[in-house]
Amino acid sequence: MVGGSGAPYGLPTRYPLAGASPVATVFRTGVPLWLSPAELAEYGTDPGSRPPTAAGTTPWSGAGTPPAEVSLAVLPLGGETRRLGCLVVVEPAAEAFDADRRHLLELHAAQVAAGLEAVGARVMARTERRSLLGPGLDTLRGGAFTLLLRTGHMTADRRVLELFGIAPEQFDGQVETLLAHTAPDDVPALMSIVEPGGLPVAGQQLSIRIRRTNGELRWLSLRCRVLVDTDGAPERMLGVVADASYLRPTADEVSLVQRLSAALAGATTVRDVSRVVVATLRLPLAARRVAVAELEADRLVVSVLDPPEPADWPAVWRAEWRSEWPDTSCQSMPTLESVLRAGHVALWPRGAALEPGLADLGPGGLAVLPLPAEGRVVGVCLLGWDEEHAFGPEERSLLTATAGLVGQALVRAHALDAGHELATMLQRSLLPRKLPSLPGGVAVARYLPATMGLEVGGDWYDVIPLADGHVALVIGDVEGHSAGAATIMGQMRTAIRAYAVEGHPPDVVVSHANRLLLGMETDLFATCCYVDLDMEEGIAWFVRAGHLPPLLRLPDGSTEALGIEGGPPLGVSAEGEFPLTEVGLAAGTVLVLLTDGLAESATLPLDEGIGRVRAALAAADPADAGRLADELLGGAKRRDDDVALLVLRYDGMRVRPTRVRWAVWRLPDAVMHARRFTARTLRSWGVTDEVDVALLVVSELVTNAIAHTRGEVRLDLTLAADRLRVAVNDASPRAPVKPASVDWEATGGRGLLLVEAMSASWGSVPLSGGKQVWSEISLPPGERHGEVDPSDAAARSDAPARGGEVR
């Protein structure tokens, strides 16, 4: 009994579970009973419903009936899986339990049950089983409040004010007065309960810390229910507050924080700090996944993932899994971004509405710990559970303390490990952050720094989309293992990308890179393998400059090292020749480009290393290119050299664009012949609605090329599913200039204005020794896309003065 004995009402101290009393009924059914005096009197007059008391009397007064004008409420304590008992409330009033009072008593019953479970667990852990009732139950007695959400006005009983340490005469009825006593770290969680979706489960317990006027830090538990108006807008909040001193850290929790603090004191690198966090937290918290990441601008740079296998992490985390320091953008996970901005620990139970990058990280529960240091957030620790995880009220305090320790340790590690961080940032900035999506294939890359010496090297890779469905794959290795090698690597990667985009053939791209490196006044040389792959036809042109041969995994699972004739390394000889080798790739072929760090070491000969890589390639499943790349890397933890790996799975294109080419000879009627060729080609393709537009664009582009340039002029037509591309190549590198205005009396200058008006888009790109001016014309949805009829003479070479090529 709380607040007095049960003598005035004659309530018994024990009830048989098989009886028909209100208490036994509620205990069995789990459904609360709200009994008015009339309903209660029926229980008193029914002999079968009157459970015997210890003295053998009736459960009420000596007369055997309850006093008049007394209402009774009985609520279950605990859930279906574990019923703890019942909460019995007696009120000397006829209509004692209105809707608000029922809400508050239900919240109070849930709060008492949580306290009994927590206190009982600790009692059972320390001593023999004993009753938790009696005077000890009084500590769970709570107070009630009502908050008007639109005005912030609060009505709180004396127990609430007593718990916050506020005298009744000093309370002004404003919620801000209570918030001023709340620990700053707990205010965001307290305010979140009035936001949409703030309480995933009605009545969920929230644990907060308050600072009393005497300086005492005290734990309180809060349960509340938000009531809405007729329009569904939040109107009032009903809540109960109780003492939660049982949430003080246990000896085990204090020991965990102490162990973490001691281990972090000896961590000198960011990687060491992250490993200590994983080793200390994962097993005690039974988390399935733990990630520690640093915050750099708007990106998370992950230092440790546990487990380390990519398949255990969500797709958004694997999308850029290219090195030992995978990173991802915070903008792809706005919920995480908002938590980092607020800087407070966030806990989400199972079923919370989160974006896939977070929901898949912890489907059973997710904890996000911003790592604060020096007044800012320096990183984040994420813990995810697969099975449903019920966050205990004390976990927020434990995780908050942990986050503070880890954040300080990260800052300290940065100061002790400045050289390592500089090298890592340099390497990360020089390599591609993200590989492009390719039509007809999937490309993935991996980079692992050396574990000896300065963790920065000269290995690089790149994937460069080109015109006409081509893509360039590049991998290279600059001699040495230093910041200088990394700088040369960055310059070479940029130069090769620029040469490739200009449209030079593969051998010319590599030759230009060779001359560039020779002119850099450096003693370093570089090896390189460059591949130009036609994604439509599956034809690849290889150029090898002192690099390892590419590896192929054929559709039948066999592997081979391509015997490609190679030239000298870049930067060795100005007279070096770089032969071009053509290889056809069938759909389902996997192409692997690698550096020598993967296949050779002081204890592993090159031939044996290539054999091991080929064996791993043959055994891997090509359906997942990312996992295949991870299996090729193996599990070696100690590396004398850095490793770069580029994998392309060629799938082939289901729908190939149709292309024709026409060599325009410089004759007086060249434009007429170009128009006729275009008209016959479009007719054979089934294009009719946009013929006039296409002929006008062809006329203007061919006329400009013949009038303003010298040398060869070529007309290219490409038909895709929804567009027609008209391109004219010429030998002049000068880009066309659209006039700002054209006078009515001018005889020229309108061509490009007409092309711009007729085209969905147009432009000019430089090519080797010249340029290409192109225009794209949108086709209506009903336009038929037919294949070129080989028998149609209009689409083939048919005169000495002009030539065509059909593909």
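Numbering of residues begins at 1 and proceeds along the displayed sequence.
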Residues Thr335, Glu355; criterion side-chain hydrogen bond (donor to acceptor under 3.5 Å, both in side chains); working and verdict: CA-CA 7 Å; Thr335 303; Glu355 53 266 29; 2.7 Å; yes
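- Open room surrounds CD on Glu565; 12 or fewer heavy atoms of other groups in view lie less than 6.0 Å from it.
- For the residue pair Pro307 and Arg288, the shortest heavy atom distance occurs at CG-NH1, 3.2 Å.
- The CG atom of Asp532 sits 10.5 Å away from atom CD of Glu582, with the distance rounded to the nearest 0.5 Å.
- The backbone N or O of Ala623 lies less than 3.5 Å from a partner atom in the side chain of Arg649, making a donor-acceptor pair.
- Trp385 pairs by the ring pair (Phe, Tyr, Trp, His ring centres under 6.0 Å) definition with His389, Phe391, not counting sequence neighbours.
- Within 6.0 Å of atom CD in Glu387, 12 or fewer heavy atoms from other residues, nucleotides or ligands are found, so the atom counts as exposed in its surroundings.
- Judged purely by atom type and a 3.5 angstrom limit, Thr280 uses its side chain to pair as donor or acceptor with the backbone of Val276.
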Please list, one pair per line, the donor and acceptor atoms closer than 3.5 Å that link side chains of residues 572-581 to other protein atoms, with sequence neighbours excluded.
| from | atom 1 | to | atom 2 | distance (Å) |
| --- | --- | --- | --- | --- |
| Ser573 | OG | Glu575 | N | 3.2 |

Trace of the side chain to side chain contact (heavy atoms under 4.5 Å, CB included) decision for Cys381 with Leu383: CA-CA 7 Å; Cys381 177; Leu383 299 100; 3.9 Å; yes
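- Taking the six-membered ring where tryptophan is involved, the planes of His504 and His512 are perpendicular, since the angle between them exceeds 60° and thus also 30°.
- By the neighbour-count criterion of 12 heavy atoms within 6.0 Å, atom CG of Asp607 is sparsely surrounded, having that number or fewer from other residues, nucleotides or ligands.
- The ring pair (Phe, Tyr, Trp, His ring centres under 6.0 Å) test applied to Tyr530 returns no partner, not counting sequence neighbours.
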